[in-house]
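The structure appears below as structure tokens.
Letters A, B, ... mirror the listed sequences (proteins, then strands); counts begin at 1. Reckoned from all heavy atoms, side chains included, excluding hydrogens, waters and symmetry mates.
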Amino acid sequence: MHEVEPRTAPQRPGQAPPRLVQGGLLQDGLAQDRGGSASAAGLAEWLAGPQRRLFRLKMLSAVPKAVGRFVPLLGLLVGAFLALGQPGLARWLLGVGLGLLLFNLGVVHRPRLTRLTTALDLDARIGPGSALGPAYAFSRQTSSELGPYERFILETELSKAKKVKVSRLLPLEKRLGPWLDMVNLLLVTSLFFVRVPARTIPPPLFEPRAAAHVPYPIEDLRARLEQISPKLRSEPATESFEQAMTTLDRLARGESSAEQALLALKDLEGTIEQSAEQAQKISGNLEEVGRTLERASLTRPLGKALREKKLEDAARALAELEERLAQGTARLSQSELEKLRQDLTRLLEARSESAQASEAVQASDEELRRSLAQRKQTLESRARSGALSSRDRAEKEEIERRLATLDRRKRTAEETQKVESELDKQLREAAEALSEQAQGEEQAAKERAQRYAKGASESLRQLQNKTLTDAEKQALLTELRRMKQRLGEGGPEAEKARAALRAFQERAGQGQTGASKAEGAPGAKPASSAGRKGETAGQGAEGDAAEAMDSPGERSSQPGGGHDENLGQEEPAPRMATGLDVTAAAQNLEGESDAEVVERAARRGFTSPGYRRLYLEYRAIDEEVLARDQVPPGYASRVLRYFELIEPGARAHGAEKND
Amino acid sequence: MSDSQQVEERVQEFSRKTAELKTMLGRVVVGQAEIIDGVLGCLLADSHVLLEGVPGLGKTLLIRTLAQALRVPFSRIQFTPDLMPSDILGTTILEEGPGGALRSEFRKGPIFSSIVLADEINRATPKTQSALLEAMQEHRVTMAGTTYELGSPYFVLATQNPLEMEGTYPLPEAQLDRFLMKLIVPFPSHEELHEILFRTTQNGTVNVEPVWSQNDVLSCQRMVRELPVARFVKEYAIRLLRATHPRLEGASAKVRRFVLSGASPRGAQALVLGAKARALLSGRAAVSIEDVRAVALPALRHRILLNFEGEAEGILRDDLILDLIETVAVPKEP
């Protein structure tokens, strides 16, 4: 039986190692502690240096991880903002990005390097045989806890460590890599200092801050309106003018608001545009007559003057014709007479069709008037019963305004019709005179021709006095828009208008961000332009946008040329009609849809009667919407500008201007 | 002579002696350096080793050569299904005494040796296999109420064939746990096969001379036990061990999914002892984390029990352990 041999108890810290078997392979009996603590302190001290060095290197190595995909993305965004002319946003983004980068580098990817991890890192780099990690662990024990093996390890590792060159442990490319990343980072950062030429913003016509100190520019507006008045020849225009003057007076007395004054000016603007349109229509008719008369040698000077819209020359030519007819020197061959008569007859037939189209438009207006009147009556009865809400009241006022507009339009159309019927009558007489002459009734023809010439001469004189030329119309409209702009931006109502603008932007889906919302780009340089200097720093973007559209001379005559780039960044969301529903019925005599009419106009020119009618319908809707909603002046003028650009014949007009 | 010098001398002596032993083994065994290191590690850690490999790889040869080189009692037990526990442990027989009186006497079985080769251990029945349990753990045998010490050193080397599963009895977990390491014997390389053919197909024998005495083995085993291990190294071994448990913090997703049960605390002992032996065999007195990592596979692979899903998916325990080696964090403080 074997005896149970007591097994050696495990060694405890601080306890001397157990004695080995005598006569065995190894001798035991190690001496006591001699200088172990000195080695421990020495190793810990030595590790401090590599720890700092390794920390720096690991920090640099962490740069690519921290940078990762972050910096290219940041660079791309900053570059994009710079390219878009938004250096302020680019700086802001760069600042935030660099902050995040430093956070990423300093907190997220910061190497957690202790002395032990430093020692283990060095062990891994030095290779098998290195035991700096265990040696450091033993160095943390107290002197009494250190056994002979621990002291041996400490001393051995310390002596080996002193021969180690930490700087050579890292390959060169690994040390260079982080520096290259840093250079890349610096390059990206240098974008911060790239100066992109600031976009030239047209100087504001009205300095908003200056305007804020002027209560209302009423005297100035009145003076401008007075200058306009002589050019207003039609009765509706004069009526609108007087209404605008009255509203301004009331505004000066504090009995009316700037909004009402704006509406009055807008009405006047609409009336002028309508008058000008009617005048253009008459002018078109005269042009056709002139073209017909130009074919006969006797009436050629008259026809030419009419075609070229030179009414004074036409009156003069008519007087000469009358004189020649009286003297009997005016003679035409039979064939010429017959041809002229046939042309005039055909012209009369064509004009009859045109008159029918005008009547259809008037019928449509009449229908609208009836529906509005009906609604007005309902509201009035509600008012009598005391159940009229504030919304109903606003609707009633709106209906009254629209009815007044329709009245003026009707009167303008009637005036035009009167002139046109006079023209038709004279044409008819001319055709009959020619017919009589062809049949040999020379005396009767001569008398009739004299009558025709006299009547026509008188009509032309009247027409010349009543109608607006294109240049006059443009001048009037420009002046009116300036007045509206000034009224909308100046005075204590400015803040209200800006609030309305903000509300409008929100409703229109422009969002809360973007350049058009910004209260001026921070750090923007004062912009200067020829002849006028305007400080743009801190200026509201809405002012810029409105100005870009309304300042004369800056406006493009081409369709779309006057759009503000700032507002092209985000397409406004489609809006649903609120309040009164506005319908645009497809009514045209050719039996075409509205889209077909526009398409045909795009191919054959924007002067067809169908397109004119469609334009009028859309314009009426536009006016109603603008009047109903609180659209800020800058946007309202933009819409008006758009309609101005697509008005019949506008393209040709624009081309002439460019030429 | 200072402490350090003495330790240095002892470490150098240890290295010299192990090198001598390896050289002697190398005379007979071709290649298998890792297996030799593993077997020596287990011997020096005063524990046991399980060798797994197909027949003909030299497992038995290695063990027999080791026993010859150590000059210690050696016995070989061929495990078969009809092997009885008494065939291993020994039996009590009746003997006639000098006066003609009968007395019972215990005849020691082959387990009473310093080095025991349990060949094809999985061919014996569980009852016979379990006869080894006490001997392996306690280094003693109890028969009929009497305890017999097995002496020191006591080293069991078991082999098993992974291919022939018919008629075998897989070792129970408790028995597997008693082996410090499970070494997978690799197939020899092309060059090694040439060498094997050269040595075994010609006339001539190789004499194996004993290079270590029993005391040398014991002193080396003590030295392994003496070797200090830094706390952070032990901490790493513990983290590694805990990571094998699917229900403990730190287990990887794979472990949670495929492992039924992780390694027992004997696994941590195996990691540290194996790491110590490896450090000394490498001529170092300092045990590093790399040593723990190096012995993690043989020390843990037989202690992890896969669940049904793991078995069905064909998950390899070695892959799981390699994953853990990659993912378990090294302590940052000593």
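Only the side chain of A:L120 comes within contact range of chain B, with heavy atoms under 4.5 Å apart. At a 4.5 Å heavy-atom cutoff, B:E290 makes no contact with chain A through either its backbone or its side chain. With a 4.5 Å cut-off on non-hydrogen atoms, B:V287 touches chain A through its backbone but not through its side chain.
Between A:E157 and A:K160 a salt bridge is recorded (basic side-chain N to carboxylate O distance below 4.0 Å).
A heavy-atom distance below 4.5 Å is found between the side chains of B:V49 and B:F155.
A donor-acceptor pair is defined here as one N or O able to donate and one able to accept, closer than 3.5 Å; no such pair exists between the side chain of B:S86 and the backbone of B:T91.
Residues passing the side chain to side chain contact (heavy atoms under 4.5 Å, CB included) test with B:E138 are B:E134, B:R140, sequence neighbours excluded.
Highest contact tally toward chain B, considering only A:T117, A:D123, A:L113, is held by A:T117 [criterion: heavy-atom pairs under 4.5 Å].
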